[in-house]
Amino acid sequence: MHQMASLEYYVLINYKSNLEEANNTLSQIMLADGKGELLQFDVSDKEQIKQVLGGWIEANPEKHIEVLVNNAGIRDDSLNAWMGEEQWDHIIKTNLDSFFYVTRLVLSSMLAQKYGRIINIVSLSGIKGLAGQTNYSAAKAGVIGATKALAQEIGRQGLTVNALAPGFIKTDMTDVWTKKN
């Protein structure tokens with residue numbers, strides 16, 4: 001975030017419910033002499049994406065989203081034999097569907113500008129799979145495949161699409177693991 005602020009990007013910070021951390025992120029950007037704002041919406045809800053992000057895009061025609069970081073990530077682990085349909089659906093909507101709906105909204109502007117950077121945060125689970133995470137592994141593997149396909153679709157127009165699998169990072173999602181150790 002600091003680097004984006006130092007490059008004078010106007011940073012849109014999406015959050016679902018943790019206003020305190022969203023404000024903390026915005027404060028860090030402001031401390032680095034950057035500018036930005038908060039956009040609250042649930043990336044697993046395509047209607048909220050259209051309403052909030054789509055509304056921001058319509059209200060700000062002079063601003064173009066040049067860099068998109070898709071970093072939604074939640075897990076709800078269970079062995080596949082006992083996984084409930086809601087566990088599957090919620091993980092797929094948050095981790096995979098969000099990539100499609102958010103990216104699609106910003107893509108037309110990037111194509112018109114002939115510039116854009118899309119960075120998808122994935123997981124080692126999407127590369128090698130992980131027992132107890134068929135839903136999460138499938139979603140992140142889906143984003144990896146979609147990243148490769150989209151890069152081929154739009155690469156000639158001056159846009160890049162990359163997936164990063166950073167390994168273990170301490171977040172709310174991984175907090176359960178760090179408390180056990």
Compare every heavy atom of Ser137 with every heavy atom of Leu130, then report the nearest pair and how far apart it is. N-OG, 3.3 Å

Between Leu38 and Leu19, is there a side-chain heavy-atom distance shorter than 4.5 Å? yes

Could you check whether any side-chain heavy atom of Ile13 comes within less than 4.5 Å of a side-chain heavy atom of Ile29, counting everything from C-beta outward? yes

Do Glu153 and Leu150 come close enough that some side-chain heavy atom pair is under 4.5 Å? yes

N/O donor-acceptor pairs under 3.5 Å from side chains in residues 114-121, not counting sequence neighbours:
residue	atom	partner	partner atom	Å
Arg117	NH1	Gly158	O	3.2
Asn120	OD1	Asn70	ND2	2.8
Asn120	ND2	Thr147	OG1	2.8

Decide yes or no for Asn135 and Asn95: does some side-chain heavy atom of the first lie under 4.5 Å from some side-chain heavy atom of the second? no

Please walk me through it: do Val11 and Thr25 pass side-chain contact (heavy atoms from CB on, under 4.5 Å)? CA-CA 10 Å; Val11 182; Thr25 301; over 6 Å; no

Minimum-distance pair of heavy atoms, taken over all atoms of Ser44 and His90: OG-CE1, 4.1 Å

Using only atom types and a distance under 3.5 Å, with no angle test, would you say the side chain of Gln48 pairs donor to acceptor with the backbone of Asp42? yes

I want to check something: taking the side chain as every heavy atom from C-beta on, are Lys148 and Ile144 in contact at a cut-off of under 4.5 Å? yes

Side chains of Asn14 and Leu53, heavy atoms from C-beta outward: is any pair under 4.5 Å? no

Taking all heavy atoms of Ser109 and all of His64, pick out the closest pair and write down the distance. OG-ND1, 3.1 Å

Give me the atom names and distance for the closest heavy-atom approach of Lys63 to Tyr10. NZ-CZ, 3.9 Å

Working to the nearest 0.5 angstrom, can you tell me the gap between Met30 CE and Asn23 CG? 9.5 Å

From Leu107 atom CG to Gln157 atom CD, the distance as rounded to the nearest 0.5 Å: 9.0 Å

Could you tell me the separation between the CD atom of Glu47 and the CD1 atom of Ile49, rounded to the nearest 0.5 Å? 9.5 Å

Just how far is it from atom CD of Gln87 to atom CD1 of Ile92, taken to the nearest 0.5 Å? 12.0 Å

Closest non-hydrogen atom pair, Lys50 against Leu105: CA-CD1, 4.2 Å

Search all heavy atoms of Val43 against all heavy atoms of Ser98 and return the closest pair with its distance. O-CB, 3.2 Å

Pick out which of Leu39, Leu68, Ile57 makes a side chain to side chain contact (heavy atoms under 4.5 Å, CB included) with Leu12. Leu39

Glu66 and Tyr9, any side-chain heavy atoms less than 4.5 Å apart: yes

When you compare the side chain of Tyr101 with that of Arg104, does any pair of heavy atoms fall below 4.5 Å? yes

When rounded to the nearest 0.5 angstrom, what distance separates CD1 in Ile127 from NZ in Lys140? 11.5 Å

Show me the pairs that pass side-chain hydrogen bond (donor to acceptor under 3.5 Å, both in side chains) and involve residues 52-62, at least two apart or across chains. Glu37-Trp56

